[in-house]
Amino acid sequence: MNRRIWLALVTAVLTLVGLASPAAHGRQGPAVRPAAEQVLTWTAGDDITDYTSAPTTAVAGKTTIVFENSEATGNTTAMPHTLTFDVSDPEYNDDVPLNILASPLDANGGRHTAEVTLTPGRYRYHCTIPGHGEMEGVLTVTDGGTGEDTTPPETTAEVQGEKNADGAYVGQATVTVTATDTGSGVDRIEYALGDGAYRPYTGPVTVDRVGDHTLRHRAVDRAGNASEPKSVAFTVAAPPTDDTTPPETSATVSGERNADGAYVGMATVTVTASDTGSGVNAIEYALGDGAYRPYTGPVMVHEAGDHTVRYRAVDRAGNASEPKTVAFTVVAPPTEDTTPPEVSATVEGEKDSDGAYVGRAKVTVTATDDGSGVEKVEYSLDGGPYLAYSGPVTVDRVGRHTVDYRAGDKAGNTSEAKRAAFTVVEGGGVPAPPCPEWDERPTVSVGTVDTGVPNRVTANRCTINELIEDEKDWSSHALFRKHVREVTDELLDQGVIDRREHRAVNKAARQSEIGKPGRNEGYRNLFNGTRKSFERWQHVGGGAFTLGDDGTMTSSTTVPGMGMLWFPERRYDDFSLKLQFRDDAPGNGRANSGVFVRFPQVHDHPEEPRPEWVAIKYGHEVQILDRPDGDMYKTGSIYGFDRVGLGGAGVTDKGTWNEYEIRVVGQHYSIHRNGELINEFDNVAGREFSPPRDGDPGTDGRRYASGHIGLQTHGTTDVISFRNIRIKEL
C-alpha cells in the first residue's frame, strides 16, 4: 500500500472518530516560535505505545509547546498521533486544554506549535487516537524562581490584651502569628496550644482559660522548608469578681445496652458544667483511681468490667466543685458473624449426547450457615433481577441459560454469587412456557413507561412483561387496559406482586395509550438472544461480535479493527427500532459504538468497495458514546450532522443496560434513551459531513426512503453489548 492510499484511509478513519480537524487550544500552525520564556518539545514516530521524546519538568510561565510527528522524528508510515493535555482528572492541572493532531503528510509536515501558560503542578498528557492509549506521561511544573529555595520562613508571635500589675492578661489574651519568606513564599502557618497537636493558623488565637499557657508556632514555605518551632508563654488571670459559687456538674453515660443494663462493647461518658458567675474555666475527669486529667470531649471506655468516672470543674474565679461520680458496666460484645452462608446448586434433567438438557432443566439451590443462620436465598435467571428462591427453578426455553445464585444470613453477610450455566434443546412432547413474547428487561415497562416494578418470573415461567404483551397490535386502548388488569389481578392473587405494584402497572397502562390510533407497539424480534436469531446477522469489516451464554451479543476484545454486524434479510421503510445496549469497556474507558440505519446493500457497491464503509458513507450512524472527552458526537447524535453533547445524552454508569429507540418517519429521525427524547433530526438535502471528510456525499447521498440495520464495533477496547433487538414498521 503506498503512502497516499494509507493517508486517505487514516484520514477517513480519524474523521469518523472526530480527530481529523486540527484542534489546538491556543495558536497552532507552522513551526514559528512565539515569544515565550521556554520551549517544550514532544516528538512521535511509528510507535503507538510511547512518544519518541517528551519533557518531564518545566517552570511556570509562558511556554511554547512543540509537537512534531514527522519523518525526521522517526515516522515512516504516516501514522498520525495527538498530543492532548487531560483536563478531566482532578489529580492534575486543568488550565491548559491542549489538543494537537500531527501527521507527517499534513500541511505542516507534522510539526505544530501552540503558546500556553503553565502553572505550578502536574499536567497529564496522552494520545487520544483509539489503540494509542499507552502513549501518555506527566509533566511536572515548578514555580519559576532564580534558584532552589532552601531557607525556611521566619515566624514571630505577639500577645495582646489588658494586663494586671503582675503582667498577666486579664480575662483573655490574643496571640497573633506572622511569617515571612523571601524565597518561594509562605505556604502555611501552624500553631499548637500547650502539648496539643499543631493546627492550621487562620487568624489571631484568643485564650480565655485562666492559668499559664504556651503557644508554639511554625511555618512552611512553598518549597517545603519548615521553620524551627518557636513558642510564646503568657498567663491569663481571672477578671475581678465577687463570685464564690462553684460550677454545677453532671454526667451521662450512653451506648448500646443489653438486657442487664450493661453497655455492650463501649460506654461513652459525657460531662457538662455550667457557672452563672465568672464562667467555667476547666473540667477534669478521672477513670477509677487514676489521676485527674483535662476533659476535652466525651470519654469512651472499651474495657470490659465495672467502671467509675469521677469528675469536677473549676470556674474562672477559682471556685472548684465537689467531685461527683458515675458508675457503669461494660461487657464484651457477642462474637460477630462475618462468614457468609455456603451456597451450591445442582442442575437435573435428561441430557443428550452433547450434554444439553432435553426439553427442560431443573435447578435446585441449597444454602447452609453455621453462624447466625440463613435468612434468604436468591437467584437470577439469564441476567434478570434477583428473585427470592422458594423451590427448584424449571427452565424450558430452548437456548443457553445462566442461573446466578447467592444467600444471605441473619447477620447481614451475603455470599459471592455463583453461576450454573447449561443449554436446553428441544425435546419430544415437552411444552415450552406459554409466553406470548420475549421480554426480560429488569423492570416492568408498559410501552415507554417504566414502572420500577421488578420483572419477575411468574408461576407459568413467563415474566410479567411477557404476560402484559405491550408490543402486540391492540385494536383499542380499553381492550389493552382490560387485559393488563386481568393479568395483574391474577398476579396479585398469586403473590407475585403486591397492591402498590398492582396500582403502578395499571397506571402505566393508562399512561401508555397503547391501542389508540398510532400507539400500537407491534414489534418483531431481530435478535432475541438465541443462536438461531444471532445467525441471521452478518459481519463485515474488522472486529467481531460473539454470542454470550446469557443471550447477549458482545464486541470482541481480541479481534482488532472497525466493522459492523448488519441484518441483510430485508430493508425497512418507516420504522421504530428498539434495542438494549450496555457499555462494557475495560478499566476507566467508555465504549465508542453506534447503530447504522437506512443504508443500502453493502456488497458490490459501485462507489465503495469496503462493505462496512457503505453504511458509514451512505447511511446514518446513531452514535453511542458516553465518554467526557474525545469525539464531540455523544450518544444520540446523528454522526457527522447533528451533535448531542454529554449533558443531553442521558449518560448512565458503565455496565448498565440502556433502552434505545430510533424512530425514522420519512426523513425525520427521533432518538429516545430510556424513555426520554434526546434528539430529533431532519435529514434535509445539502448538508455536509462535519468535520469534513474526503469523498463523503453529505445528506444528499443519504436520503434513502428505506434501508438496512447495522451495529458498529469500533475496536478491542470499545467493548459494547446488545440484546433484545426488535423493530416495528410504521
Side-chain angles (χ1 to χ4, degrees), residues 13-26 28 82 84-90 92 94-101 124 126-130 133 448 577 579-585 588-597 616 619-664 667-684 687-693 696 698-699 702 712 714-715 717-718 720:
V13 172
L14 288 176
T15 303
L16 181 63
V17 299
L19 291 173
S21 59
H25 297 267
Q28 180 183 341
T82 74
T84 305
F85 277 28
D86 185 358
V87 296
S88 64
D89 190 334
Y92 301 98
D94 62 358
D95 56 341
V96 178
L98 186 75
N99 187 27
I100 303 175
L101 171 66
R124 176 182 178 267
H126 63 115
C127 179
T128 60
I129 295 178
T448 60
L577 175 69
L579 56 83
Q580 291 174 294
F581 72 85
R582 184 178 67 194
D583 185 340
D584 290 332
N588 295 324
R590 297 302 297 247
N592 187 346
S593 182
V595 180
F596 291 107
V597 297
I616 293 171
H620 275 303
E621 178 190 353
V622 183
Q623 174 81 314
I624 296 175
L625 177 63
D626 288 342
R627 178 176 171 175
D629 57 356
D631 203 307
M632 66 180 178
Y633 290 101
K634 308 302 181 184
T635 300
S637 300
I638 306 298
Y639 199 90
F641 298 99
D642 193 23
R643 176 187 176 190
V644 174
L646 201 64
V651 175
T652 60
D653 293 337
K654 278 198 334 182
T656 301
W657 281 110
N658 291 262
E659 182 79 20
Y660 218 19
E661 181 185 7
I662 302 168
R663 297 178 68 91
V664 183
Q667 296 298 326
H668 183 74
Y669 290 65
S670 303
I671 315 301
H672 294 77
R673 180 175 185 174
N674 296 323
E676 297 292 331
L677 178 66
I678 61 174
N679 193 19
E680 288 189 278
F681 169 70
D682 288 306
N683 189 35
V684 298
R687 297 187 61 176
E688 294 184 358
F689 190 92
S690 178
R693 181 167 64 193
D696 192 278
T699 53
R702 291 177 166 87
Q712 185 187 55
H714 211 275
T717 59
D718 292 297
I720 189 79

Minimum heavy-atom separation for [X] and [Y], please, with both atom names.
X      : Y      : answer
Phe681 : His620 : CE2-NE2, 3.8 Å
Asn679 : Leu677 : O-CD1, 3.5 Å
Pro628 : Leu646 : CA-CD2, 3.5 Å
Gln623 : Ser593 : OE1-O, 2.9 Å
Pro691 : Tyr633 : CD-CE1, 4.5 Å
Val96  : Val87  : O-CG1, 3.8 Å

Which value, rounded to the nearest 0.5 Å, describes the distance between [X] atom [atom1] and [Y] atom [atom2]?
X      : Y      : atom1 : atom2 : answer
Asn592 : Lys634 : CG    : NZ    : 9.0 Å
Glu659 : Leu579 : CD    : CG    : 7.5 Å
Phe85  : Ile100 : CZ    : CD1   : 8.5 Å
Asp718 : Arg590 : CG    : CZ    : 11.5 Å
Thr128 : Leu101 : OG1   : CG    : 8.0 Å
Asp682 : Arg687 : CG    : CZ    : 9.0 Å

Let me see the working for Trp657 and Thr652 under side-chain contact (heavy atoms from CB on, under 4.5 Å), right down to the final yes or no. CA-CA 9 Å; Trp657 281 110; Thr652 60; over 6 Å; no

For side-chain contact (heavy atoms from CB on, under 4.5 Å), just list the numbers for His126 and Arg124, CA-CA rounded to whole Å, side-chain angles, deciding distance to a tenth of an Å, and then say yes or no. CA-CA 7 Å; His126 63 115; Arg124 176 182 178 267; 3.4 Å; yes

Would you check, one step at a time, whether the test side-chain contact (heavy atoms from CB on, under 4.5 Å) holds for Val597 with Tyr669? CA-CA 10 Å; Val597 297; Tyr669 290 65; 3.7 Å; yes

Is a donor from one side chain sitting under 3.5 angstrom from an acceptor on the other, for Asn683 and Thr699?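 Judged by distance alone, the side chains do not pair up.
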
Between the side chains of Asn658 and Arg673, does any donor sit under 3.5 Å from an acceptor?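 A pair is found: one side chain offers a donor N or O, the other an acceptor, under 3.5 Å apart.
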
Between [X] and [Y], is there a donor-acceptor pair closer than 3.5 Å when you use the side chain of the first and the backbone of the second?
X      : Y      : result
Tyr660 : Ile671 : no
Thr635 : Leu625 : yes
Asp583 : Lys654 : no

Test salt bridge (Lys or Arg N to Asp or Glu O under 4.0 Å) applied to Asp642 - qualifying residues, sequence neighbours left out: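 Partners of Asp642 by the salt bridge (Lys or Arg N to Asp or Glu O under 4.0 Å) criterion come out as none, since no residue qualifies.
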
Does any non-hydrogen side-chain atom of Ile638 lie less than 4.5 Å from one of Val622?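 Yes. Closest side-chain heavy atoms under 4.5 Å.
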
Under a 4.0 Å N-O cut-off, is there an ion pair linking Asp696 with Arg702?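 Looking at Arg702 together with Asp696, the answer is yes, because their closest N to O distance falls below 4.0 Å.
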
